[in-house]
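Working notes for the structure below.
Note that the structure is predicted; figures quoted are calculated from it, not measured.
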Amino acid sequence: MDIYTPTPPDASSQWDDIRPFRDDEIPAAMQRIAKDKDFPKVIDYIYGDTDLPSKIREFSQFRTVSQFQIGFMFDAINAIVRKTTDGFTYSGFENLEKGKGYLFVSNHRDILLDAALLQIALYNNGLDCSEITFGNNLMQPGIVSDFGKSNRMFKVVRNGSSKNFYQTSLHLSSYIRYVLTERNTSVWIAQRNGRTKDGDDRTSQTVLKMFSLSGEKKIGRNFSRLNIVPMAISYEWETCIAQKIRELYLAKEHPYIKDKGEDFRSIIEGILSPKGKVHIQMCRPLTAEELAAADEMDRNEALSYIASLIDSRIYSNYRLFHNNYIAYDMLYNTYRFADLYSEEELKKFSDVMHSMLSRWSDSLLPLMELYLKVYSNPLVNAMTVNHE
């Protein structure tokens, strides 16, 4: 893998507020991380019983982004896969060209792992790692920010006034387009702001509007320059599902306000929780011919059309597990998919659901409906796009 520098010195200044670290900023970041009080816990999780001072000295010697990723982050991600999954698989990467920048527009289930697992798949297929969007609510000063910016993450600002929101969106759009078209480096971005809480993955037109703020006025030609590749990630066991159900349930009564530190706790929960099998499918890229149709539409219609292209790719490329079929049959009181799961799998799914939901509420029925939708909605969407 080539030595990586996110932005060359003569082009970096206009994006200094959001870009990842350059190679020349890595040594100082490594020193800060190595001195953080929580870093020994990270080392212990990844390597277990090891010579801690030796590992910290080794870590402190990294001098480039690539050295950090290959020498440490891939060990960390593989440790998560080994300890918390029953196997991580991926497909569709053979259709990507090395040295070409792609915009991976992905469904979003886990704050950290969706994009982190993608990097392993890219690397194992001989492709360069991508840059990764990361919300400003997570990119706080400290070890998380240093890890993120060393790992090619760049900041997405999600708050502020309407005027400032337009300016920050334009700023972000121009940076993404620069990375894709000038540096020929890929970018991962979620199809919407925040994780999907109910399993109903849908591309937000707000995200697409942000893409369109830079580049040509013609929507079709504008988007064709971005080399958009939808990405579908599927978890057998949904990460952070209890937190997602709680948020959905409470949001029915009033706007949900996150507790201080809630996002960080979700990151840790997503890392540590059992996930079963996990699969990433790189979908067929959006073609210039498909996008050309958008040039004949008004702006909102065009964005809706492009969103539907992305969504249909994702829906038809889910890796559906027995949990999806069980949840559908339970939610709709049917035996339609009973031949696709066993009695043991049904009992385990039901036991896990009841155990998890009963921890914080005695009123299980409304929570069960939300829980079952998380798992059944991907199947419903897949059947819709496949006309089943």
- Test the Lys277-Phe321 pair against the cation-pi criterion, namely NZ or CZ under 6.0 angstrom from the six-membered ring centroid and within 45° of the ring axis. no
- Query: Does NZ or CZ of Lys348 lie under 6.0 Å from the centre of the six-membered ring of Tyr341, at an angle within 45° of the ring axis?
  - Reply: no
- Query: Around Arg225, counting heavy atoms of other residues, nucleotides and ligands shown, do more than 12 lie under 6.0 Å from its CZ?
  - Reply: no
Treating [X] as the side-chain partner and [Y] as the backbone partner, does any N or O pair qualify as donor plus acceptor under 3.5 Å?
X	Y	answer
Asn222	Glu216	yes
Gln67	Arg63	yes
Lys244	Arg109	yes

Between [X] and [Y], does any side-chain donor sit less than 3.5 Å from a side-chain acceptor?
X	Y	answer
Tyr235	Asp114	yes
Arg202	Asn377	no
Tyr318	Asp201	yes
Thr89	His279	yes
Thr85	Lys275	no

Mind telling me whether [Y] and [X] have parallel, tilted or perpendicular rings, with 30° and 60° as the class edges?
X	Y	answer
Tyr328	Tyr332	tilted
Phe154	Tyr175	perpendicular
Phe39	Phe147	tilted
Phe211	Phe223	perpendicular
Tyr375	Tyr371	tilted

- Message: What I'd like to find out is whether the side chain of Arg152 reaches to under 4.5 Å of the side chain of Ser66, using heavy atoms alone.
- Response: yes
- Query: Linking I/L/V/M/F/W/Y whenever their side-chain heavy atoms sit closer than 4.5 Å, directly or via other members, would Trp237 and Ile326 fall into one cluster?
  - Reply: yes
- Would Val229 end up clustered with Ile132 when hydrophobic side chains under 4.5 Å apart are linked, directly or stepwise? yes
- For salt bridge (Lys or Arg N to Asp or Glu O under 4.0 Å), just list the numbers for Asp128 and Lys98, CA-CA rounded to whole Å, side-chain angles, deciding distance to a tenth of an Å, and then say yes or no. CA-CA 7 Å; Asp128 292 333; Lys98 186 175 177 60; 3.5 Å; yes
- Nearest heavy-atom neighbours spanning Ala190 and Val207: O-CG1, 4.1 Å
- What closest approach, in Å, do Ser186 and Leu180 show between heavy atoms, and which atom pair accounts for it? CA-CD2, 4.2 Å
- Query: So, are Arg19 and Glu25 salt-bridged, with charged N and O less than 4.0 Å apart?
  - Reply: yes
